[in-house]
Amino acid sequence: MASPPFVAICLCFLGLASVTTTMAAPPRKPIDVPFQRNYVPTWAFDHIKYFNGGNEIQLHLDKYTGTGFQSKGSYLFGHFSMQIKMVPGDSAGTVTAFYLSSQNSEHDEIDFEFLGNRTGQPYILQTNVFTGGKGDREQRIYLWFDPTKDFHAYSVLWNMYIIVFFVDDVPIRVFKNNKDLGVRFPFNQPMKIYSSLWNADDWATRGGLEKTNWANAPFVASYKGFHVDGCEASVEAKFCATQGKRWWDQKEFQDLDGMQYRKMSWVRQKYTIYNYCNDRSRYPSMPAECSRDRDV
Ligand SMILES: *[C@@H]1O[C@H](CO)[C@@H](O)[C@H](O)[C@H]1NC(C)=O
């Protein structure tokens, strides 16, 4: 629940000293690094274009192929951020994805998927969380800006307590560790970070009604930032799982604060298109995690 307005008013009279117990912090500011520091191309290498020493790249999609890239390392917890400018103009039928995934059959996954649209029509941002191979937790929102005009940061904060999806500094979704409710939480399978641009005109835009117009190819999504600040599991697997000493493990990152919850509820109330938590035709009774993660 969002803090009711009177809480905010009361805080005004308390002064700084007494606020410390409820204080949380935004994640550390991402550091821009070149693509090749943290990433390698995955497929269709010639469809990735490099600029400015790899500080900026473009993914190109044409009728022959899309393309994608992945992180060199696998990570168990951390903060992962990408600045992306989505395919401008007529992007209907295309999907740009940025996600974390483990590489096994009962996999964990944390997804941002950007569904393109006809010129001037709004993109949809779909998010999803898989735990132990089970997904089906889609949420969809419109963005409060045009994601094709400028770069915006899309980030994931992941620790033992919570997964937070951020768009710039606005949390748009949380998935908490609801182990006590019998819901699996990603905690022991390292994930790589992936991104790709591909044709999905069988489902992406207006449910597949709007097809990709190849006369407008190539479709181009631009990237910069490439920030990765995680516990690299191949290097320190045991450490990642057991220590809890990294900045993202600390108290102020284990939950959102009141201001962050207010931002999140603003987005969710204003821009939600679909939330699996409220879909009674799919889930006759509400999935357990929804009682905590659903709407604030
Ligand atoms: C595309 O635009 C249509 C019409 O405004 C809208 O209904 C739809 O949600 C938009 N986004 C996608 C990805 O279909």
Side-chain angles (χ1 to χ4, degrees), residues 47 58-63 65-69 82-101 109-130 135-156 165-168 170-173 175 194-223 263-283 290 293-295:
H47 280 57
Q58 293 177 347
L59 303 192
H60 286 219
L61 163 69
D62 57 27
K63 66 179 172 190
T65 184
T67 187
F69 60 89
M82 191 70 78
Q83 291 190 50
I84 313 176
K85 188 156 69 175
M86 300 303 157
V87 175
D90 182 4
S91 59
T94 73
V95 172
T96 305
F98 172 55
Y99 60 103
L100 279 70
S101 181
E109 187 176 314
I110 304 168
D111 282 337
F112 283 98
E113 289 187 306
F114 301 88
L115 318 184
N117 217 332
R118 295 284 170 225
T119 305
Q121 299 299 311
Y123 259 75
I124 285 175
L125 167 52
Q126 170 166 297
T127 55
N128 203 355
V129 177
F130 285 70
D136 298 326
R137 297 191 176 101
E138 294 86 358
Q139 298 186 350
R140 289 181 165 203
I141 62 170
Y142 290 130
L143 293 162
W144 52 97
F145 52 84
D146 178 350
T148 72
K149 283 276 180 300
D150 295 295
F151 285 98
H152 288 269
Y154 304 96
S155 325
V156 170
F165 294 76
F166 287 94
V167 172
D168 295 322
V170 179
I172 59 153
R173 177 174 186 176
F175 185 84
Y194 298 86
S195 186
S196 51
L197 170 62
W198 79 92
N199 177 41
D201 67 0
D202 53 332
W203 64 273
T205 309
R206 291 211 299 127
L209 292 176
E210 303 283 345
K211 298 300 177 191
T212 303
N213 182 352
W214 295 111
N216 294 323
F219 302 97
V220 176
S222 307
Y223 291 72
K263 284 184 182 175
M264 186 164 74
S265 68
W266 170 76
V267 170
R268 297 173 65 86
Q269 283 167 21
K270 226 168 143 162
Y271 295 101
T272 294
I273 305 163
Y274 175 82
N275 184 352
Y276 77 108
C277 288
N278 300 329
D279 187 344
R280 287 294 148 272
S281 58
R282 257 172 108 193
Y283 294 102
C290 293
D293 299 339
R294 184 179 50 158
D295 269 309

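These numbers were taken from a predicted model, which means no experiment stands behind them. Start at 1 and go down the list; that is how both ligands and their atoms are numbered.
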Run the contact test for [X] against ligand 1 with a 4.0 Å cut-off on heavy atoms, strictly below, and give the result.
X      : answer
Tyr123 : no
Ala204 : yes
Gly207 : no

Please determine if Thr205 has a nitrogen or oxygen closer than 3.5 Å to a nitrogen or oxygen of ligand 1.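 Thr205 vs ligand 1: no N/O contact under 3.5 Å.
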
Which protein non-hydrogen atom lies closest to [atom], naming both residue and atom, and how far is it?
atom                    : result
atom 4 (C) of ligand 1  : Gln121 OE1, 3.2 Å
atom 1 (C) of ligand 1  : Asn117 ND2, 1.6 Å
atom 9 (O) of ligand 1  : Tyr142 OH, 2.7 Å
atom 14 (O) of ligand 1 : Arg206 N, 2.8 Å

Checking side-chain polar atoms at under 3.5 Å, does [X] have a donor or acceptor matched by the opposite partner on [Y]?
X      : Y      : result
Asn199 : Thr212 : yes
Tyr194 : Ser101 : no
Arg206 : Gln121 : no

Taking the basic N atoms (NZ, or NE/NH1/NH2) and the acidic carboxylate oxygens, is any pair closer than 4.0 Å for Arg282 and Asp136?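 Looking at Arg282 and Asp136, the cut-off is met.
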
Which of the numbered atoms in ligand 1 are below 4.0 angstrom from a heavy atom of Gly116?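 It comes down to these atoms of ligand 1: 13 (C).
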
If the cut-off is 4.0 Å to any non-hydrogen atom of Pro122, which atoms of ligand 1 fall inside it?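 The atoms of ligand 1 under 4.0 Å from a heavy atom of Pro122 are 1 (C), 2 (O), 5 (O), 10 (C), 11 (N).
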
